[in-house]
J.: 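First, the structure itself, so that you have it in front of you.
Just so we're clear, the structure is a prediction, and the values are computed from it rather than from any experiment.
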Amino acid sequence: MKALYNIALFIAEFSLKILAFFNKKLKLGVDGRSKTYKILEEHLASQDQTFWFHCASLGEYEQGLPIFKELRAENPQHKIVLTFFSPSGYEIRKNTDVADVVVYLPMDTKNNSKRFLELVNPELTIFVKYEIWPNYLSELKKRNLRAILISAVFRKEQSYFQFYGKMMRDALSTFEHIFVQDKSSQYLLNSAHFNNVTIAGDTRYDRVSDQLQQNNKLSFIEDFRDGKPCVVIGSSWPEDEALFISYINRRTSKDVKFIIAPHNIKGNQIDHFAKQLNKKTVLFSKKDDHNLAEFEVFIVDTIGILSKIYSYADIAYVGGGMGQTGLHNILEPAVFGVPIIIGKNYKKFPEAFQMIKNGGVLSIKNKEELQDTLDRLIKNAEERKALGHLNSAFIKNNKGAVIQIMSYLCN
């Protein structure tokens, strides 16, 4: 099986280099990985004490960040190497101050894993959630280097729990401890004879709770909102936006403001979306040229401020659930005590199941359900307040993963 895996990696690496000529995102990853070793050689010396944090993409980075910050604060003498596999994580967080070196992780070949670990030689490695690379983990094990997995979620259909999954189970055995989000994950690991497992919950609850301690003031949002109820549509995809275009266009009064933060902020797609709205619409990039209070729709054609914008929401819709791209982070608006609407596809997101059951998150299947739900919430401030309270209380009650993980690491 491992031989087939290594052959597949070779084919994948070759294919990515060819496809990179035609895809900008793939090119970023291919070019970035080609520079990894040079960057490491320039920033690390053989005598350096190091930690290695690995995240697949931006979502995993946000999950790991509370732990990364704690370790950074408690070990200022260590250099921290942060790796990403996806450009969507690296390009946004390549300048984060939580790490001394941020690089793309080279493909999981035997030679790459040996060379990478020779340069980094981490005292501690932390992988976040899903990303399991057998050759890197095998090399860590050979070198007797510490590694843990945090905020992990496992499902019974994954290869770890199949008859053909020995290679992946061997990879998991590298971790001296695995911190999972739920009982189901613990049960599955125990059934595969992994007993070094703790249910710590999801570190994202700690991460979003930290947002309450930040300065979330955005004066231009206050100007736009102008004291009126505000619906924030965050991380939307075309499938989500198709629902809102007709809803926003049919509203005859100007008593509600809409803020839309698309997941994709390419200029041509933003322009196409904006042209379908018949309400007075302004873009973030043009905000300084206008009296924002005069507009009904504000489109956020930038990144990095959505978590602050949620603090101004009376109702939040979180995108990704109407299509197959994956539901985005519903915890970000929940921490501010906001009622949340999502699409119908949330199967792989346990927090969505729990928060729907808890009552503060509402799932809709089509335009009609969206219209009915929004109309009801817009008219009923008391219901908004009640649902929002359910969400903020849920976040508060699920904090604590960071304390458990740090307690383990500090013993």
J.: Between L58 and I92, what is the shortest heavy-atom contact and its length?
T.: CD2-CD1, 3.8 Å

J.: Are L409 and I148 close enough that some pair of their side-chain heavy atoms sits under 4.5 Å apart?
T.: yes

J.: For Y205 and Q181, does a side-chain donor sit closer than 3.5 Å to a side-chain acceptor?
T.: no

J.: Quick check on H272: does its NE2 atom have over 12 non-hydrogen neighbours (other residues, nucleotides or ligands) under 6.0 Å away?
T.: no

J.: Verify, without hydrogens or angle tests, whether T373 (side chain) and L370 (backbone) share a donor-acceptor contact under 3.5 angstrom.
T.: no

J.: If you apply the rule side-chain contact (heavy atoms from CB on, under 4.5 Å), what do you find for V102 with R93, and how did you get there?
T.: CA-CA 8 Å; V102 184; R93 292 292 180 254; 5.9 Å; no

J.: Closest heavy-atom contact between G360 and N391?
T.: O-ND2, 3.0 Å

J.: When rounded to the nearest 0.5 angstrom, what distance separates OG in S311 from CD in Q211?
T.: 8.0 Å

J.: Should the ring pair F51 and H78 be called parallel, tilted or perpendicular, given that the plane angle runs from 0 to 90° and is split at 30 and 60?
T.: parallel

J.: Does a side-chain N-to-carboxylate-O contact under 4.0 Å join R250 and D375?
T.: yes

J.: For S185 and D182: C-alpha separation, side-chain torsions, deciding distance, then whether side chain to side chain donor-acceptor pair (under 3.5 Å) applies.
T.: CA-CA 6 Å; S185 296; D182 52 35; 2.7 Å; yes

J.: Could you tell me the separation between the CG atom of L292 and the CG atom of D223, rounded to the nearest 0.5 Å?
T.: 6.0 Å

J.: When you compare the side chain of V361 with that of I342, does any pair of heavy atoms fall below 4.5 Å?
T.: yes

J.: Hey, does the side chain of N380 reach the backbone of R376 with a donor-acceptor pair shorter than 3.5 angstrom?
T.: no

J.: Ring-plane angle category for H54 and W52, please: parallel below 30°, perpendicular beyond 60°, tilted otherwise.
T.: tilted

J.: Which is it for D108 and L137 under the side-chain contact (heavy atoms from CB on, under 4.5 Å) test, yes or no, and what are the steps along the way?
T.: CA-CA 9 Å; D108 184 37; L137 290 170; over 6 Å; no

J.: Tell me whether R169 forms a cation-pi arrangement with F161, defined as NZ or CZ under 6.0 Å from the six-membered ring centre and within 45 degrees of its axis.
T.: no

J.: Looking at K27, I want to see if its NZ is surrounded by more than 12 non-hydrogen atoms of other residues, nucleotides or ligands under 6.0 Å.
T.: no

J.: Checking side chain to side chain donor-acceptor pair (under 3.5 Å) between Y312 and each of K257, E222, R225, which is the one that passes?
T.: E222

J.: First locate atom CD1 of I126, then atom CZ of F175, and finally report the distance between them rounded to the nearest 0.5 Å.
T.: 10.5 Å

J.: Tell me if the centroids of the rings in F224 and F295 come within less than 6.0 Å of each other.
T.: no

J.: Between R204 and E351, is the closest basic N to carboxylate O distance under 4.0 Å?
T.: yes

J.: For the backbone of Q404 and the side chain of S407, can you confirm whether one donor and one acceptor N or O come within less than 3.5 Å of each other?
T.: no

J.: I'd like to know if the side chain of N6 reaches the main chain of A3, judged simply by a donor and an acceptor atom lying under 3.5 Å from each other, with no hydrogens or angles considered.
T.: no

J.: Hey, is the main chain of K279 close enough, under 3.5 Å, to the side chain of T281 for a donor-acceptor pair?
T.: yes

J.: On the six-membered ring of F298, is K287 placed so that its NZ or CZ lies under 6.0 angstrom from the centre and within 45° of the ring axis?
T.: no

J.: Inspect the surroundings of CZ in F220 and state if more than 12 heavy atoms from other residues, nucleotides or ligands are less than 6.0 Å away.
T.: yes

J.: Is it the case that over 12 heavy atoms from other parts of the model lie below 6.0 angstrom from the CG atom of L19?
T.: yes

J.: Could you pull out the closest heavy-atom pair between S363 and G343, with the gap in Å?
T.: OG-O, 2.9 Å

J.: Can you find a heavy atom in the side chain of F85 that is under 4.5 Å from one in the side chain of W133?
T.: yes

J.: Let me see the working for Y104 and L28 under side-chain contact (heavy atoms from CB on, under 4.5 Å), right down to the final yes or no.
T.: CA-CA 10 Å; Y104 281 96; L28 285 171; 4.0 Å; yes

J.: Please determine whether a side-chain nitrogen of the Lys or Arg among E296 and K228 lies less than 4.0 Å from a carboxylate oxygen of the Asp or Glu.
T.: no

J.: Are Q63 and D202 linked by a side-chain donor-acceptor pair shorter than 3.5 Å?
T.: yes

J.: Ignoring hydrogens, what is the shortest heavy-atom contact between A147 and L140? Give both atom names and the distance.
T.: CB-CD1, 4.3 Å

J.: Within 45 degrees of the ring normal and closer than 6.0 Å to the centroid, is that where the cationic atom of R115 sits relative to Y37?
T.: yes

J.: Apply side-chain contact (heavy atoms from CB on, under 4.5 Å) to residues Q162 and M168 and explain how you reach the verdict.
T.: CA-CA 10 Å; Q162 311 304 323; M168 297 304 291; over 6 Å; no

J.: So, for G89 and S57, which heavy atoms are closest and what is the spacing to 0.1 Å?
T.: N-OG, 3.6 Å

J.: Assess the residue pair N135 and Y5 against the criterion (side chain to side chain donor-acceptor pair (under 3.5 Å)); give the C-alpha distance rounded to whole Å, side-chain angles, the decisive distance to 0.1 Å, and a yes or no.
T.: CA-CA 10 Å; N135 283 320; Y5 174 77; 5.2 Å; no

J.: Taking the six-membered ring for Trp, is the centroid-to-centroid distance between F127 and Y136 below 6.0 Å?
T.: no

J.: May I ask you to decide if the ring planes of F84 and Y61 are parallel, tilted or perpendicular, using 30° and 60° as cut-offs?
T.: tilted

J.: If we count only N and O atoms by modelled type, under 3.5 Å, do the side chains of E123 and Q49 hold a donor and an acceptor together?
T.: yes

J.: Check for a donor-acceptor pair, side chain of D240 on one end and backbone N or O of G320 on the other, with a separation under 3.5 Å.
T.: yes

J.: If you look at every heavy atom in E13 and T109, which pair is closest and at what distance?
T.: OE1-CG2, 4.2 Å

J.: Who are the side chain to side chain contact (heavy atoms under 4.5 Å, CB included) partners of I7, not counting sequence neighbours?
T.: I11

J.: Roughly how far, to the nearest 0.5 Å, is CG of L82 from CZ of R72?
T.: 10.5 Å

J.: In terms of side-chain geometry, is the basic nitrogen of K166 or D170 positioned less than 4.0 Å from the acidic oxygen of its partner?
T.: yes

J.: Using a strict cut-off of less than 4.0 Å between a Lys/Arg side-chain nitrogen and an Asp/Glu carboxylate oxygen, indicate whether E62 and R207 qualify as a salt bridge.
T.: yes

J.: Does F394 offer a backbone N or O that forms a donor-acceptor pair with the side chain of N398 under 3.5 Å?
T.: yes

J.: How long is the gap from CZ on F116 to CD on E139, to the nearest 0.5 Å?
T.: 12.0 Å

J.: Within the distance-only criterion (no hydrogens, no angle test), does the side chain of Q158 pair as donor or acceptor with the backbone N or O of R155 below 3.5 angstrom?
T.: yes

J.: Rounded at 0.5 Å granularity, tell me how far CD1 in I364 sits from CD in Q371.
T.: 11.5 Å

J.: Please check if the side chain of S151 supplies one atom and the backbone of V128 the other of a donor-acceptor pair under 3.5 Å.
T.: no

J.: Got a donor-acceptor contact below 3.5 angstrom from the N216 side chain to the K308 backbone?
T.: no

J.: Surrounding NZ of K79 (heavy atoms of other residues, nucleotides or ligands, distance under 6.0 Å), is the total greater than 12?
T.: yes

J.: Report yes if the side chains of S307 and F336 come closer than 4.5 Å at any heavy-atom pair, otherwise no.
T.: no

